[in-house]
Asker: 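Please see the structure below; I have some questions.
In what follows, every heavy atom counts, from backbone to side chain, and hydrogens, waters and symmetry copies are set aside.
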Amino acid sequence: MKIFIVAGEPSGDIHAAKLMNKLKEINPNISFFGIGGKNMEQEGLKSIIPIEKISVVGFVEVIKKLLLFLKLKKQCQQIMLKENVDCFIPVDYPGFNIKLSKFAKQNNIPVFYYIAPQVWAWGKRRWQKMQNIITKLFVVFPFEEKYFLERNIDAKYVGHPLLLNPIFNAKKELELQYNSENNLIAFFPGSRNHEVIKNISLFAKTAQIIHKTNPNFKFGFAVSDNVNANIFDILKKYNFSYKLFNNSNELMLKARFGIVKVGTTTLEAALLNMNMLVAYKTTFTHYWIGKKLINLNFVALPNILANKEIVTEYIQKFATPKILSDAVLDFISDEHKCNKQKEEYDNIKKILIDSKTNIAEEILKYL
């Protein structure tokens, strides 16, 4: 059996690799083609291109690499036909994967889309591009199943892949283990180089102000495997004490409070009970375009799921070192506020009910 699979982001690489592993458990004789990172490569994928080269965020960044994406799309199409693949599994990454899904459908290749594009956030009827090209859509948020079914897209809620991580079940034991560092403030600047470059100075200056206010605080910075660690050398010019953490979940469990960039990290932090605020700052062009397109009241996933503000969001002009540092110091000095946020986290966990659906079984049963 031959499967074409594409993930274009670090989180997608992790989730796709787990799916590949489950597929091989059922059928060891599967060959994987497509695009992915080191996790997918460990499961047997020979990636066409390093995932770092296509893991971009923002309209301007995509335009800069437009020729690369056009060439890559053609290359994927050629491999699909040459290898006569049995199915295509796109994992999130909609800008590229929806176009490839359309090609697969036109050539009678079943499409099993895992982790739905967040068209409910972007509005403008983008869901129409998905109609009639997807064989089965596996969604990771409960409300998505109803949303897509109402639009005649065959969707099934399969539980969020974060729930499969054993760390969330062993959380209480780990909290006891890591609770010693009660003066640790954590920063999560992103999983892509350009994200970290954009956020690191803002976060460092925020830490500097907190340090001047209270020198007893220590600081931890999450360093993704996909990021060049040399970017963090900028921290050396500041005079506060800090530590780099390659395991972001460990940092969440150790930290008293965290400042988190927009993305899946906000949901991880909520599942691990870390008090936090969300900060997001981008170029004026990117922000202006996004403001026109985004059809949501919130940008942090815990807030989206709860449909109310659980985590305060500091966006664009409100994401300054002074505002962020004041917010951190105010929050951690208010025990009631800290406890209230964690109570809301418990409700998020109830919303993300687990699912016993075996995606690999469903795909192979269909084939």
Asker: Is K73 positioned over the aromatic face of F69, cation under 6.0 angstrom from the ring centre and no more than 45 degrees off axis?
Answerer: no
Asker: Is there a donor-acceptor contact under 3.5 Å linking the side chains of E52 and N193?
Answerer: no
Asker: Report yes or no: do N273 and K349 form a side-chain donor-acceptor pair below 3.5 Å?
Answerer: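 A donor-acceptor contact under 3.5 Å links the two side chains.
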Asker: Got a sec, which residues hit ring pair (Phe, Tyr, Trp, His ring centres under 6.0 Å) with F96, two or more places apart in sequence or on another chain?
Answerer: none
Asker: Side chains of residues 200-213: which donor-acceptor pairs under 3.5 Å do they make with residues two or more places apart or in other chains?
Answerer:
from: T206; atom 1: OG1; to: L202; atom 2: O; distance (Å): 2.7
from: Q208; atom 1: NE2; to: N239; atom 2: OD1; distance (Å): 2.5
from: T213; atom 1: OG1; to: I209; atom 2: O; distance (Å): 2.9

Asker: So for atom NZ, which belongs to K24, do other residues, nucleotides or ligands contribute more than 12 heavy atoms lying within a distance under 6.0 Å?
Answerer: yes
Asker: Could you go through D326 and K322, starting from their C-alpha distance and side-chain angles, then the distance that decides it, and tell me whether this counts as salt bridge (Lys or Arg N to Asp or Glu O under 4.0 Å)?
Answerer: CA-CA 6 Å; D326 285 349; K322 181 68 168 68; 2.6 Å; yes
Asker: Just by distance, do the side chain of E362 and the backbone of T357 share a donor-acceptor pair under 3.5 Å?
Answerer: no
Asker: Around atom NZ of K136, are there more than 12 heavy atoms from other residues, nucleotides or ligands closer than 6.0 Å?
Answerer: yes
Asker: Would the Y242 and F187 ring centres measure less than 6.0 Å apart?
Answerer: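 No; F187 has its ring centre 6.0 Å or more from that of Y242.
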Asker: Tell me every residue that passes ring pair (Phe, Tyr, Trp, His ring centres under 6.0 Å) with Y314, counting only those two or more places apart in sequence or in another chain.
Answerer: none
Asker: Heavy-atom count around Y366 OH within 6.0 Å, excluding the residue itself: above 12?
Answerer: no
Asker: One pair to check against salt bridge (Lys or Arg N to Asp or Glu O under 4.0 Å): K22 and E361. What are the steps and the verdict?
Answerer: CA-CA 8 Å; K22 293 293 183 185; E361 274 185 6; over 6 Å; no
